[in-house]
Amino acid sequence: MQENERKKIVFSGIQPTGNLHLGNYIGALRNFGPLQEEYDCLYSIVDLHAITVRQNPTQLRQNCLKLMSLYLAAGLDPDRSLIYFQSHVPAHAELAWVLNCFTYMGELSRMTQFKDKAQKHAENINVGLFAYPTLMAADILLYQTNFVPVGNDQKQHIEITRDIAERFNAIYGDVFTIPEPLIGKVGARIMSLSDPTRKMSKSDPEDTFIAILDEPNVIRKKVRRAVTDSEALVKYDVENKPGVSNLMSIYSAVTGKGFAEIENEFVGKGYGDFKEAVADAVIAELEPIQARYRQISADKAYLNEVMTKGAERAAKLAARTMSKVRRKVGLAATQL
Ligand code: AQP
């Protein structure tokens, strides 16, 4: 790349809503580090998104720090990537408001995540939950993002982000870069261990997911208990063997082996052997991250420094887009 050529921008975020699981790791987090080589990356702890569902305030604060420690333990380098809390850059909320005015109720009503979460939290279907995609669009568009690494479940939200940006640009000129999703081929949708037809989710009961920070013996127990079928055949067939296929996706994602190779490896062997191999591979993948996490999370001064610097740098970048947006929509500057 020419020295004067600007690197493309990558943005992604994870909600500090609980224990990060293997789905978050395989679908998103583990893809973040390698992107730092080629792109200018921003990785946010999206705490404003988290409060669309009721949170315990003390726990939310702890979860934010926990998530930042995990980002760092998974290989994010604060000298190369911008790591910050979403709520420390008020421009996210400001742009989200503007974008709300360019987004239709019908569009938001079609979002699968809204429908799922409205069902899960029927007692609290708030406006924030409904407008979640416009805040996510603001996160992405504020930084003129080119690529958004996410799991498959977020594809629809990237599509609406593109629609909103194109609509805005059609009225006001080229204000926003149109982003594209980066979705991995394997493991973009890891399913629940107890119901492999549903995605693995932080807010489901503990035994349905493997947390990144689960102890090795807990991981082994959870894999052993994962739902499979009675055929005793390791074969990738999502429709008829969703449990086995899910474990194969996990195994493939952490070992790099293809599905055919995995099927051959376990010819004539039962699910017992297969599950032990899956557990071994997952433990081997997560143990080094867990060790780094224990070190990093104990260093509060370091975490504070990363958090503060990240917010300052992100706020500067966000201010550029925000001042353009304000000018375009006709909000008066503070100096006449
Ligand atoms: N099961 C999954 N498989 C692959 N990728 C996944 N992601 C989430 N679940 C899976 C990806 O992880 C990133 C962060 O997700 P999030 O913070 O938006 O929240 P979530 O994990 O999608 O939500 P959960 O697990 O259902 O928790 P709650 O209940 O708190 O909302 C995203 O890139 C997502 O694609």
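We count ligands from 1, going down the list as the structure has it; atoms in each ligand are counted the same way.
- Put simply, no part of Gly18 is less than 4.0 Å from ligand 1, judged by heavy atoms.
- The aromatic rings of Phe102 and Tyr172 lie perpendicular to each other, with more than 60° between the two planes, well past the 30° mark.
- Counting atoms of ligand 1 from 1 in the listed order, those under 4.0 Å from a heavy atom of Gly27 are 4 (C), 5 (N).
- In terms of N/O distances under 3.5 Å, ligand 1 is not approached by Ile14.
- At a 4.0 Å heavy-atom cut-off, ligand 1 touches Val150 through backbone and side chain alike.
- Salt bridge Arg167/Glu107: present, at least one basic N to carboxylate O contact under 4.0 Å.
- Of the protein's non-hydrogen atoms, Gln15 N, 2.7 Å is the one closest to atom 17 (O) of ligand 1.
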Just do the side chain to side chain donor-acceptor pair (under 3.5 Å) check on Lys66 and Asn19 with the steps written out, would you?
-> CA-CA 9 Å; Lys66 207 168 154 185; Asn19 285 328; 3.1 Å; yes
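- In terms of protein heavy-atom proximity, atom 8 (C) of ligand 1 is nearest to Asn24 ND2, 3.1 Å.
- Of the protein's non-hydrogen atoms, Ile190 N, 2.8 Å is the one closest to atom 3 (N) of ligand 1.
- Contacts of Ala188 with ligand 1, taken as heavy-atom pairs under 4.0 Å, involve the backbone alone.
- Of all the heavy atoms of Met200, the ones lying under 4.0 Å from any atom of ligand 1 are found in both the backbone and the side chain.
- Ion pair Asp207/Lys221 not flagged as a salt bridge, since none of the NZ, NE, NH1 or NH2 atoms sits closer than 4.0 Å to an Asp/Glu carboxylate oxygen.
- What sits closest to atom 25 (O) of ligand 1 on the protein, heavy atoms only, is Lys202 N, 2.8 Å.
- Taking any N or O of Ala28, backbone or side chain, none lies under 3.5 Å from an N or O belonging to ligand 1.
- Taking the charged nitrogens against the carboxylate oxygens, Arg220 and Glu276 do have a contact shorter than 4.0 Å, which makes a salt bridge.
- A salt bridge links Lys222 with Asp214: at least one charged nitrogen is closer than 4.0 Å to a carboxylate oxygen.
- Look at Lys117 and you'll find a heavy atom under 4.0 Å from some atom of ligand 1.
- Salt bridge present: Glu305 and Lys309 bring a charged side-chain N and a carboxylate O closer than 4.0 Å.
- At a heavy-atom cutoff of 4.0 Å, ligand 1 is contacted by the side chain of Asp153 but not by its backbone.
- Ring geometry for Phe176 versus Phe168: interplanar angle of 30 to 60°, hence tilted.
- Using a distance-only test at 3.5 Å, with no hydrogens or angles considered, a donor-acceptor pair links the side chain of Lys300 to the main chain of Ser297.
- Salt bridge annotation for Glu38-Lys7: absent, with no cationic side-chain nitrogen under 4.0 angstrom from a carboxylate oxygen.
- The residue Met191 has no part lying near ligand 1, judged by heavy-atom distances below 4.0 Å.
- With distances taken over non-hydrogen atoms, the option nearest atom 5 (N) of ligand 1 out of Ser249, Gly13, Gly23 is Gly23.
- The shortest N or O to N or O distance between Asn152 and ligand 1 is not below 3.5 Å.
- The distance from ligand 1 to the heavy atoms of Ser201 drops below 4.0 Å at these ligand atoms: 24 (P), 25 (O), 26 (O), 27 (O), 29 (O).
- On a distance-only criterion, Thr17 and ligand 1 share at least one N/O pair closer than 3.5 Å.
- The backbone and the side chain of Ser203 each have at least one atom closer than 4.0 Å to an atom of ligand 1 (non-hydrogen atoms only).
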Ring pair (Phe, Tyr, Trp, His ring centres under 6.0 Å) assessment of Tyr132 paired with Phe114 | CA-CA 8 Å; Tyr132 186 111; Phe114 171 69; over 10 Å; no
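- Aromatic ring pairs are classed by plane angle as parallel below 30°, tilted from 30° to 60° and perpendicular above 60°; the pair Phe209 and His21 is tilted.
- Considering only non-hydrogen atoms, atom 22 (O) of ligand 1 lies nearest to Lys199 out of Gln154, His21, Lys199.
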